[in-house]
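Single-structure report; data block below.
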Amino acid sequence: MPELPEVETIRKSIEPFLANAIVTAVDVREARLRCPVNSTDFSRWIIGNRIVSVARRSKYLIWQLENDASVIIHLGMSGRLGIFAADAAIETHTHVIFHLDSSIQVRYRDPRRFGLVEVTPPQAFATWFRFTNLGVEPLSAAFNHHYVANLLKKSKKPIKNWIMDAQNVVGVGNIYANEALFKAGIHPIRPANSLKNDEQRRLVESVKSVLTAAIDKGGTTLNDFRNARSEPGFFQLDLAVYQNDGQVCGSCGAIIERIVMSGRSTFYCPSCQR
DNA sequence: AAACGCGCCTGCGGGC
DNA sequence: TGCCCGCAGGCGCGTT
């Protein structure tokens, strides 16, 4: 489900409810996520402590607590994080419920259970193992032509797979990889090390502009994505190629094609993207 | 060693 | 109506 724009949309929508709230209880209704949810960690480091802020690194949401512990949440393919009144009916696949002293609840719901809810103890966050091999944030100054050019020349993998590899740059999943390559005019199967200088620059700018535009529209709601207030996003209306196979390219009039790369649907304009 | 294939899960829509 | 199939926004492991 969520790529960087959707996770950032949730971060922004949930932070006003979480900042300065105290976690009073955590119900783990289903512990079998990507990794087992550890109730003991919540008892030890989270319950009774105050949330200071909500950050994002890659597609992870990070609740930073006053005691310097943190709650790390990844939404996988189908995860949702929403604000609910304490008496609201509990939807199916609601696996973890955080009770706050403001009497509202944050509920983690994830039908496919590919997501993750875990705790880092105080001081552990900065060196947490899930973050150690991550590449740069795409919207940071560190994601620039110099950085990209240096890594691209070392890789022969298709450029689409390269930008979806979190060791290079984080947050770009299947939707935005397709969209960014369309905008950059680069064919998805091109080997990473075959990109010319101007193509490398266009790739950087396209990734940044597509992600920024998607955040501005509150993310892409294909099916079930909702922000913390259960509102959909609107970037699906601006998708140029994703799931548009068989339709006319809005830029040149050619027909958008679909191929499969590494098991993922890949959409591109055979005329605009070379 | 880099790059790919596959499995982890549930739900949905299409075809028969 | 109902069944079966393919497909879905991510990630990590094993194999080559």
Side-chain angles (χ1 to χ4, degrees), chain A residues 1-11 29-37 56-61 72-81 91-95 108-118 128-135 138 151-181 188-194 207 210-211 214-215 217-227 232-246 258-267:
Chain A
M1 176 222 262
E3 304 180 35
L4 185 149
E6 289 73 39
V7 178
E8 182 62 20
T9 295
I10 292 182
R11 189 198 67 75
R29 307 175 77 243
E30 171 58 85
R32 295 173 304 163
L33 303 186
R34 197 170 95 208
C35 297
V37 181
R56 179 193 56 74
R57 172 75 172 109
S58 187
K59 297 168 187 167
Y60 296 93
L61 283 170
I72 310 255
I73 295 176
H74 193 289
L75 300 172
M77 288 282 263
S78 57
R80 280 209 222 175
L81 209 55
E91 298 170 290
T92 54
H93 306 295
T94 298
H95 306 315
Y108 176 83
R109 178 168 181 255
D110 184 6
R112 293 176 74 179
R113 290 190 275 119
F114 290 172
L116 191 72
V117 178
E118 68 186 5
W128 197 239
F129 71 102
R130 297 191 191 280
F131 303 136
T132 52
N133 285 325
L134 292 181
L151 287 178
L152 283 177
K153 69 184 181 192
K154 301 175 191 169
S155 173
K156 294 178 183 170
K157 71 164 61 166
I159 188 60
K160 184 191 177 222
N161 294 355
W162 188 92
I163 50 175
M164 290 178 69
D165 184 344
Q167 290 198 50
N168 299 318
V169 57
V170 300
V172 184
N174 203 30
I175 296 178
Y176 299 109
N178 280 292
E179 293 296 309
L181 287 172
I189 67 172
R190 288 272 303 280
N193 63 5
S194 76
V207 167
V210 165
L211 295 178
I215 292 171
K217 293 287 175 81
T220 298
T221 298
L222 295 174
N223 259 322
D224 54 358
F225 170 71
R226 296 291 187 280
N227 68 19
F234 294 96
F235 193 71
Q236 66 277 11
L237 302 174
D238 293 348
L239 294 174
V241 289
Y242 186 78
Q243 291 186 345
N244 283 0
D245 50 317
R258 173 186 181 272
I259 57 174
V260 176
M261 296 176 61
S262 295
R264 316 297 299 275
S265 285
T266 303
F267 305 89

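Letters go in sequence order (proteins before strands), and every chain restarts at 1. None of these values were measured; they are calculated from a predicted model.
- The backbone N or O of R264(A) lies less than 3.5 Å from a partner atom in the side chain of T266(A), making a donor-acceptor pair.
- In this structure, L33(A) places its CG atom 17 Å from P of dG10(C), rounding to the nearest Å.
- Proximity of a side-chain donor or acceptor of E8(A) to a complementary backbone N or O of R56(A) within less than 3.5 Å is not detected.
- Stems are defined here as 3 or more consecutive Watson-Crick or G-U wobble pairs with pairing distances under 3.5 Å; those involving DNA chain C are B:2-8 with C:10-16, B:10-16 with C:2-8.
- N174(A) places a side-chain N or O within donor-acceptor distance of the main-chain N or O of S265(A), the cut-off being under 3.5 Å.
- Remark: side-chain polar atoms of S78(A) are paired, donor with acceptor, to backbone N or O of R112(A) under 3.5 angstrom.
- Although no hydrogens or angles enter the test, the distance criterion places a donor-acceptor pair under 3.5 Å between the side chain of R113(A) and the main chain of R32(A).
- Ranked by how close their nearest DNA chain C nucleotide is to the 5' end, R264(A) and R258(A) are led by R258(A).
- N178(A) places no side-chain N or O within donor-acceptor distance of the main-chain N or O of Y242(A), the cut-off being under 3.5 Å.
- Across the P atoms, dG14(C) and dC9(B) are found 16 Å apart, a figure rounded to whole Å.
- Distance noted for atom P between dC11(C) and dA1(B): 24 Å (whole Å).
- Checking the phosphate oxygens (OP1, OP2) of dC11(C), a side-chain nitrogen or oxygen of H74(A) falls inside 4.0 Å.
- Atom NE2 of H95(A) is separated from atom CZ of R109(A) by 8.5 Å, given to the nearest 0.5 angstrom.
- Backbone-only engagement by R34(A) is indicated by non-hydrogen atom pairs under 4.0 Å involving sugar-phosphate atoms exclusively.
- Contact annotation: Y176(A) does not reach the phosphate of dG9(C) (side-chain N/O to OP1 or OP2, under 4.0 Å).
- Of all nucleotides listed (dG12(C), dG10(C), dA3(B)), dA3(B) comes nearest to the side chain of K156(A).
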Review item, nucleotides 5-9 of chain B N/O atoms under 3.5 Å of protein N/O:
{"unit_1": "dC9(B)", "atom_1": "O3'", "unit_2": "R113(A)", "atom_2": "NH2", "d": "3.0"}
{"unit_1": "dC9(B)", "atom_1": "O2", "unit_2": "R112(A)", "atom_2": "NE", "d": "2.8"}
{"unit_1": "dC9(B)", "atom_1": "N3", "unit_2": "R112(A)", "atom_2": "NH2", "d": "3.3"}

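- Atom-to-atom, CD1 of I175(A) to C1' of dC7(C) comes out at 14 Å; the value is rounded to the nearest Å.
- For the P atom pair drawn from dC6(B) and dG6(C), the interatomic distance equals 13 Å after rounding to whole Å.
- Among the nucleotides dG10(C), dC7(C), dC4(B), the one closest to any side-chain atom of K157(A) is dC4(B).
- Note: CG (N174(A)) to P (dC11(C)) measures 12 Å, nearest angstrom.
- The CD atom of Q167(A) sits 11 Å away from the C1' atom of dG12(C) (whole-angstrom rounding).
- Listed by chain and number, the residues in a ring-ring contact (aromatic ring centres under 6.0 Å, His included) with Y108(A) amount to none (sequence neighbours excluded).
- For S155(A), taking side-chain heavy atoms from C-beta onward, the closest of the listed nucleotides dG9(C), dG10(C), dA3(B) is dA3(B).
- Although no hydrogens or angles enter the test, the distance criterion places no donor-acceptor pair under 3.5 Å between the side chain of E30(A) and the main chain of T94(A).
- Sequence order on DNA chain B of the closest nucleotides to T92(A) and P158(A) puts P158(A) first from the 5' end.
- Atom C1' of nucleotide dG10(C) and atom CG of N223(A) are separated by 16 Å, given to the nearest angstrom.
- Distance, N133(A) CG to dC13(C) C1': 15 Å, rounded to whole Å.
- For dC4(B), one of the phosphate oxygens OP1 or OP2 lies less than 4.0 angstrom from a side-chain nitrogen or oxygen of N161(A).
- For the pair S78(A) and dA8(C), the criterion of a side-chain N or O lying under 4.0 Å from OP1 or OP2 is not met.
- By the 4.5 Å heavy-atom criterion applied to side chains, K59(A) and L75(A) are not counted as neighbours.
- dC12(B) atom C1' lies 13 Å from atom CE of M77(A), rounded to whole Å.
- Remark: the Y176(A) side chain and the E6(A) side chain contain an N/O donor-acceptor pair separated by less than 3.5 Å.
- Rounded to an integer number of Å, the gap from E3(A) CD to dA8(C) C1' is 12 Å.
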